Amino acid sequence: MPVESAFKAIESDENVLQKHVAFFDRNNDGVIYPWETFQGFRAIGSGILLSSVAALFINMGLSGKTRPGKKFPNLLFPIEIQNINMAKHGSDSGVYDTHGRFVPSKFEEIFEKYARTNSDGLTADELNEFIKGNREPKDYGGWIGGFTEWKILYYLGKDEKGLLKKDVVRGVYDGSLFHKMVEEKEKAKASKKKHIDKTLNCRLLGSEKNFRRRPKAADGVKGCSRHEW
Ligand code: HEM
Ligand SMILES: [Ca+2]
């Protein structure tokens, strides 16, 4: 899905990683359950399969790490947002520091190093090089973590030319991308509804065959036309 427009600059002294995950805390109680992860994925337009698999893996994988000192796993796999920085893994970009803060120089480094075709984004090949470049030896868990995070981001956020834009990547770090995606989805839904309403309107006027989407047709009826063109 193409997501354009500029995102705000990110403050580097706050726990931005908490913002990254807060979108998925659907009832804002500081804890993310698997069904909330599922709902969050659905809200940004992911299919049922990806949303289910992601919810299972993310919550089962991160829950225990964010519940330090708890002896037994909670089988509802809650993720505690206040401890989300403990869920960090290796083989990442280093853009989040150990406290979950945003490190601007690391963010810039991604594009300085890998964005060769277009300084403003990464192609699929450049992204693969970047993911490989982050790998620490034998850190298999981190390899999988990094690979899936970046591949899902690419899948959901690439533009029509297959480029993962810098703005989109910046937006994922503070979670603003997720809110943006919901907005885009709502907009697309509203315009589809408008189109259906117009089609219906034209049908009532008896010109459904020649219906075209355009602001004002020659015959003066908004969105309808009696002529092919
Ligand atoms: C569509 C949904 C999501 C996408 C596209 C996504 C993508 C990403 C990306 C690209 C990173 C940066 C990794 C790096 O800097 O190398 C990241 C980091 C992280 N994400 Fe997500 N994420 C999503 C959802 C979630 C959810 C639901 C959680 C947990 C509730 C989560 C937890 C984390 C954590 C803990 C990190 C830090 C990893 C680290 O730096 O070691 N993410 N994510
Ligand atoms: Ca919650």
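Just follow the structure's listing: the first ligand is 1, and inside any ligand the first atom is 1. Keep in mind it's a predicted model, so treat the numbers as computed, not measured.
- You'll find the side chain of I44 stays beyond 4.5 Å of the side chain of L177, heavy atoms only.
- L50 and F38 fall into different hydrophobic clusters, where Ile, Leu, Val, Met, Phe, Trp and Tyr are joined by side-chain heavy atoms under 4.5 Å apart, directly or via other members.
- The atoms of ligand 1 that sit less than 4.0 Å from any heavy atom of F41 are 1 (C), 2 (C).
- In the displayed structure, F147 atom CZ is contacted under 6.0 Å by at most 12 heavy atoms of other residues, nucleotides or ligands.
- The line from CD1 of I81 to CG of D29 is 8.0 Å long, rounded to the nearest 0.5 Å.
- Atoms of the protein (N, O or S only) found under 3.0 Å from the Ca ion (ligand 2) are D25 OD1, N27 OD1, D29 OD1, V31 O, E36 OE1, E36 OE2.
- The pair E184-K189 does not meet the salt-bridge criterion, since no charged nitrogen lies less than 4.0 angstrom from a carboxylate oxygen.
- The tally of protein N/O/S atoms under 2.8 Å from atom 21 (Fe) of ligand 1 stands at 1.
- Shortest contact from atom 38 (C) of ligand 1 to any protein heavy atom: H89 NE2, 3.6 Å.
- The atoms of ligand 1 that sit less than 4.0 Å from any heavy atom of I79 are 30 (C).
- Taking any N or O of N134, backbone or side chain, none lies under 3.5 Å from an N or O belonging to ligand 1.
- Numbered from 1 in the order shown, with element, the atoms of ligand 1 that lie under 4.0 Å from a heavy atom of Y96 read 18 (C), 37 (C), 40 (O).
- Among all heavy-atom pairs drawn from Y173 and F107, the shortest one is CE1-CD1, 4.1 Å.
- Below 4.0 Å from some heavy atom of I44 lie the following atoms of ligand 1, by number and element: 1 (C).
- Regarding atom 3 (C) of ligand 1, its nearest protein heavy-atom neighbour is F178 CZ, 3.7 Å.
- For ligand 1, the atoms sitting less than 4.0 Å from at least one non-hydrogen atom of L17 are 34 (C), 36 (C), 37 (C), numbered in the order shown with element in parentheses.
- Using a 4.0 Å cut-off between charged nitrogen and carboxylate oxygen, K113 and E108 do not count as a salt-bridge pair.
- Every atom of ligand 1 with a heavy atom of L156 under 4.0 Å away is listed here by number and element: 1 (C).
- The hydrophobic cluster containing V31, built from Ile/Leu/Val/Met/Phe/Trp/Tyr side-chain heavy atoms closer than 4.5 Å, also comprises Y33, W35, L76.
- For a threshold of 3.5 Å applied to N or O pairs, the pair formed by T37 and ligand 1 contains no separation below that value.
- At most 12 non-hydrogen atoms from other residues, nucleotides or ligands lie less than 6.0 angstrom from CZ of F57.
- Comment: E14 engages K19 in a salt bridge, judged by a side-chain N to carboxylate O separation of less than 4.0 angstrom.
- Enclosure of atom NZ in K132 is not indicated, since only 12 or fewer non-hydrogen atoms of other residues, nucleotides or ligands lie within 6.0 angstrom.
- Think of I144 as one node in a network of Ile, Leu, Val, Met, Phe, Trp and Tyr side chains linked at under 4.5 Å; it has no links at all.
- Looking at L177, D92, N85, D25 and measuring to atom 40 (O) of ligand 1, the nearest heavy atom belongs to D92.
- Here the straight-line distance linking atom CD1 of I48 with atom CZ of F41 works out to 14.5 Å at 0.5 Å rounding.
- Side-chain contact between N118 and T123 is absent, with no heavy atoms from C-beta onward closer than 4.5 Å.
- At a threshold of 4.0 Å, the pair D139-R135 does not count as salt-bridged, since none of the basic side-chain nitrogens sits closer than that to a carboxylate oxygen.
- In this structure, K106 NZ and Y96 OH are separated by 15.5 Å, a value rounded to the nearest 0.5 Å.
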Would you check, one step at a time, whether the test salt bridge (charged side-chain N to carboxylate O under 4.0 Å, His left out) holds for K65 with E80? CA-CA 9 Å; K65 295 182 181 177; E80 292 186 8; over 6 Å; no

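- Numbered from 1 in the order shown, with element, the atoms of ligand 1 that lie under 4.0 Å from a heavy atom of S93 read 14 (C), 15 (O), 16 (O).
- The contact set between ligand 1 and I32, taken as ligand atoms under 4.0 Å from a residue heavy atom, comprises 30 (C).
- Counting heavy atoms under 4.0 Å from ligand 1, residue V169 does not touch it at all.
- Using a 4.0 Å cutoff on heavy atoms, Y173 counts as a contact of ligand 1.
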